[in-house]
Amino acid sequence: MTTLTTRNTIMRLAVASACSWIAVSAAHAQQAAASAADAQQADAQSAAPAATPAAATEAEAKVDNVVTVSGSRISARGFTQPTPTTVLSADDLAKNAKPNLFNAIAELPALQGSTGRTTSTNSTSSGIQGLSSLSLRGLGPIRTLTLLDGQRVVGANVTGVTDVSQFPQLLVKRVDVVTGGASASYGSDAIGGAVNFITDKKFEGFKFNVEGGQTTYRDDKNGTLQAAFGKAFMDDRLHVTGSVEYGREKGIESPGFGEVGPNGRTWYQNPAYQIRPLAQTNDGKPQYTVISHAQQYQYAKYGLITNGPLQGTAFGANGEPYKFNYGSNGVPTGTGAVSGCVNPFCVGGDLSGSVGAGTNLAMDLTRQVAYTRVGFDINPDHEIYFTANFGKVKSVFSPNPGAAKNANLTIQCSNPYLPASIAAACAANNITSFQYGTANAEFPENINVHPTRKMQRLVIGADGRFPAFGKEWSYDAYAERGVNFTDIIVHDMTLNARYNAAIDAVKLADGTIGCRSDAARASGCVPLNIIGNVPVSAATWNYIAPQNGPQQHTRMQQDVGSFNVNGEAFDSWAGPVALATGAEWRRESYRVSGDTYGNGVTADTPNSAAYPADPLLNSTVGNNWYAGNYHNASGTYNVKEAYLELNVPVLKSATWGEANINMADRHTQYSTSGHVESWKLGASWKTGIDGLRLRAVTSKDVRAPNLSELYAAAVVVNNVVQYQGNTVTIQQRTVGNTKLRPEIARNNIFGVVLDRPSWAPGFSASIDYFDIKVNGVISSLSAQQEVDLCVAGNKEICGAMSLGNAVATNNYVTVQAFNLASLHSKGYDLEGSYRMNLKDWNLPGRFTVRALVTRNISFLTDPGVVGTIPSEGAGNNLGNTPRWKGLASQSWDTDKYSLTLSQRWISSGKYSNEFIECQTNCPVSTVIHPTIYNNHMKGAFYVDLGGTWKFSDKATAFFKVDNIGNVDPAPAPQANLSFGINPALYDVIGRVYRAGLRYNF
């Protein structure tokens, strides 16, 4: 607390001192203003670099010799901000030729952990399926602020994360990626930085873009149509721009069951961890082994007896039994184990029932976007404007085939669907039932999920300039209403209770086969035969997987009112003293409703014709579906904040160069968590050494808890915990936590910039060291973890439970998020470019070389939970933060042609930094530090090629080939069968061809 108070005091004294210095110097500044103005004009022109197609070291856009920088609210002549910012221009984005700008931006090395249509394809309930969201530094999309023209955009799910694919992408003239804390300038969520999409507000003419493509496997066929227009009316006082876009990426279908990649991809080989029991690791052998061709022996494609004297009997066509082929030459023991195998995997054998590859490799994604901006100049100094943005993004995917049951079913020997030989074997072995597992490959359809997001965003605003104190000031103000509707509709999902009732079949008195349960039969139960590959009747399928499946309907609303002023207070001897100030009010709210069977029966989700009452289903807490149990929730909070930012030049010398101090202070009042302050203090020094500039910035940044964390839907289930040496049955109540506090981060950045020195006028380079510490990270705990923390003395968490009651049914643990964890990320960014005009070599065109690299030194996560230690994520290639991530390009451009060769690089790493690698003489494995045979995960190097041909003044044809070498993704083992890849880091689609046409007039 003392340290925090000291920091706040220093920050306030710094701002106060700067204001005092401004007041004392004002008289001198006014006297020198006339002579200084001309000098500052020349300085601004020399300091601001010309626009280049490559990403600059800093975001700079020149308007009337005024530099506007996304990492700051300051707009001033010659202003150089201390926060590193990378720019992607419209030309850069066009050269990438991606159907979605998100994919081009996510390739930047500082962007780590972004989500797109290849991530979360195996999830039904994550809520981020098909969501194009950007993440800086691996800190997650919730800690990256994404803006449109410097304005907030309504979230596309309950975490408040923005969907970039809903933006008007053809009108984007540049994207500024601020790779440092920006909360003092822009507010909450900018812990990792900010990504600002800048549109062309004064575009005139008409342009369109049409492109199409597919992979080398002839799948993921995609097409994009985009058109934009702009026109000035009334002597340039009324300006109208607009755009419409349609894009479709058809995705990569699930190949279904077995060890097979989709459409000829041969790299999928069922990777997995084979994990020995911890107690057996005193033999000097490692606990973990990474295997290929993993066979999960607890089920087969159409059914497998997994225990007892009949273990190892599988079923095929028409229910015919056969001896299952276990991998590893395994032999069933009759007790559920298999000799030579490590539960639950053998290696090899019959892999036809594997479900790991059964998810979509990439979702089917459809984008529809419309946008317009109408601006009217009341006079040359004042404009009022209106923008409207409509975006609809629909995705479709299958999270898995069938609905695997891992040896958790019990089949009665009296089941009339059993072959006579099995019934006889039951009698001979004196058993009445057996344990059973199946992939349910006989199901007529795979689970398929259909998320649809529809955004409606309206903004009215004004901007302009006005004179004050002998200077010209600028202002902007806007009010926004944004609404995002998200509908997740799931088809072909089974109800657990109905499935269990349907497979428990008996021969009825009239000789027909029916469900054993009288209540089930009375409510419409139709029996299901899961013994072998037998077609499922329409009546049975409609019973266990009704037409109306899981549904979630969410309405997110954001209301914003903002006013900002900035200008130069006066010209001092060292340059213009500039300030920006403003205030903002914001309200965020959401309401989400599930279906009756997932949520339970409530006033908001009553039984209906679509979801009729069923005595087999749990009507109190819901959770009846195999997956996709959505629950009702709602919440709202509001924010009031104000900020002040100053830029104070402190040095102007022909010998020592120029320096400025940039500082900002923001005070925010949340309706839920109260007051929080964020601040920034930085400096930039353009040294007397030709082209050399130094910069440094330190900041306190915040992320407020989002609506989902505050108001998560209530879910109640029964559970057990260990408490004071006893096993205690509890009621586990999962809810949001309205007492959450904002996460507090401290950002430190130090950089060196070499910007076009006279001895190398086409060369620019920078290196920036970053150190980010986030405390009070909001994280969820299990019921047992909460109990352990309470026992360890955490009083806040003790208040979330009641244990040891005389009446056992009064015991409960409230499972919710707490401010317990911490993150610490550090590393450095390298950026360089060299541009040369080839005419100096008697060759046509211009040549540009450019590279951006991020080195993650450390990414330490401390869960703050008893029995855990901080975990190192840097170089963990199963996560989001490799040791090295790089992007390089070499471009040749003429007025007619261009060619660009690009390279993307991810360094090799480990499966986990907490593993101890050993083959023999291994130490005893522990939960914290398990032993593993091989802890190496290879990296990746991709080469892309693109080109353009301007065959007329208005038309340009282009092509792009991504991943020319068709490099396969590195295997990414898990403890269970999955696709075994990490799409957050690796290219999982393969070689992609695209071509198109751009037309401008």
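Just so we're clear, the structure is a prediction, and the values are computed from it rather than from any experiment. Basis for what follows: all heavy atoms, side chains included, without hydrogens, waters or symmetry-related copies.
Closest approach of Ala228 to Leu171, counting heavy atoms only: CB-CD2, 3.9 Å. Pairing each heavy atom of Asp149 with each of Thr199, the nearest pair is OD2-OG1, 2.7 Å. Residue Pro109 comes nearest to Leu852 through the heavy atom pair CG-O, 3.1 Å, listed as atom of the first residue, atom of the second, then distance. In terms of heavy atoms, Arg152 sits closest to Arg457 at O-NH2, 2.9 Å. Here the closest heavy-atom approach between residue Gln169 and residue Leu101 is recorded as OE1-N, 2.8 Å. Considering every non-hydrogen atom in both Leu170 and Phe208, the closest pair reads CD2-CA, 4.5 Å.
Of the possible donor and acceptor atoms, one in the side chain of Asn747 sits under 3.5 Å from a partner among the backbone N and O of Ile191. The backbone N or O of Leu136 sits less than 3.5 Å from a side-chain atom of Thr144, completing a donor-acceptor pair. Side-chain atoms of Thr115 come within 3.5 Å of backbone N or O of Leu131 as a donor-acceptor pair. A donor-acceptor contact shorter than 3.5 Å links the side chain of Arg73 to the backbone of Ser185. Judged by distance alone, with hydrogens and angles left aside, the side-chain atoms of Asn880 form no donor-acceptor pair with the main-chain N or O of Gln112 at under 3.5 Å. The backbone N or O of Lys454 lies less than 3.5 Å from no partner atom in the side chain of Lys394, so there is not a single donor-acceptor pair. Checked by atom type and distance alone, the side chain of Tyr942 pairs as donor or acceptor with a backbone atom of Asp987 at under 3.5 Å. Without hydrogens or angle criteria, Arg998 side chain to Ala94 main chain gives a donor-acceptor distance under 3.5 Å. Side-chain N or O atoms of Arg367 include one that pairs as donor or acceptor with a backbone N or O of Ser165 at under 3.5 Å. Between the side chain of Thr894 and the backbone N or O of Lys896, at least one donor-acceptor pair lies under 3.5 Å.
Checked against a 6.0 Å centroid threshold, the rings of Tyr371 and Phe390 do not count as neighbours. The six-membered or imidazole ring of Phe229 lies away from that of Phe206, with a centre-to-centre distance of 6.0 Å or more.
Considering only heavy atoms from C-beta on, Phe750 stays 4.5 Å or farther from Val697 through its side chain. Arg994 has its side chain out of reach of Phe959: every pair of non-hydrogen atoms, C-beta onward, lies at least 4.5 Å apart. Side-chain contact between Asn963 and Val943: absent, with no pair of heavy atoms (C-beta onward) separated by less than 4.5 Å. Between Asp944 and Lys960, some side-chain heavy-atom pair lies under the 4.5 Å cut-off. Inter-residue side-chain proximity for Leu93 and Val175 is flagged as met; some heavy-atom pair is nearer than 4.5 Å. Looking only at side-chain heavy atoms (C-beta outward), Tyr986 and Asn877 come within less than 4.5 Å of each other.
Between the side chains of Thr948 and Ser898, at least one donor-acceptor pair of N or O atoms lies under 3.5 Å. With no hydrogens or angles considered, no side-chain donor-acceptor pair links Asn209 and Glu245 at under 3.5 Å. Using modelled atom types, one finds a donor on one side chain and an acceptor on the other under 3.5 Å when comparing Ser758 with Asp690. For the residue pair Ser132 / Asn100, a side-chain donor-acceptor distance below 3.5 Å is found, with atom types taken as modelled. Donor-acceptor pairing under 3.5 Å is recorded for the side chains of Arg835 and Ser833. Counted by atom type alone, Glu253 and Asn263 present zero donor-acceptor pairs between their side chains at under 3.5 Å. A donor-acceptor pair shorter than 3.5 Å can be found between the side chains of Thr86 and Glu831. Side-chain contact annotation: Ser89 with Asp91, donor-acceptor N/O pair under 3.5 Å absent. Judged by distance alone, the side chains of Asn222 and Glu249 never bring a donor and an acceptor atom under 3.5 Å apart. One side chain, Ser891 or Thr900, offers a donor N or O that lies under 3.5 Å from an acceptor on the other. With 3.5 Å as the limit, one finds a donor-acceptor pair spanning the side chains of Gln890 and Gln903. There is a side-chain donor-acceptor pair under 3.5 Å between Thr854 and Asp829.
A salt bridge is absent between Asp200 and Lys202; no separation between the charged side-chain nitrogens and carboxylate oxygens falls under 4.0 Å. No salt bridge links Asp962 with Arg904; every basic N to acidic carboxylate O contact stays at or beyond 4.0 Å.
Heavy-atom neighbours of Asp895 CG from other residues, nucleotides or ligands within 6.0 Å: at or below the threshold of 12. Heavy atoms from other residues, nucleotides or ligands lying under 6.0 Å from NZ of Lys221 number 12 at most. Heavy-atom neighbours of Lys201 NZ from other residues, nucleotides or ligands within 6.0 Å: above the threshold of 12.
Remark: of the listed residues Asp219, Asp220, Asp968, Asp219 is the sole one forming a salt bridge (charged side-chain N to carboxylate O under 4.0 Å, His left out) with Arg265.
Taking the six-membered ring for Trp and thresholds of 30 and 60 degrees, Phe763 and Trp759 have ring planes inclined between 30 and 60 degrees apart. The aromatic rings of Trp884 and Tyr828 sit perpendicular, their planes meeting at an angle over 60°, well past the 30° parallel limit.
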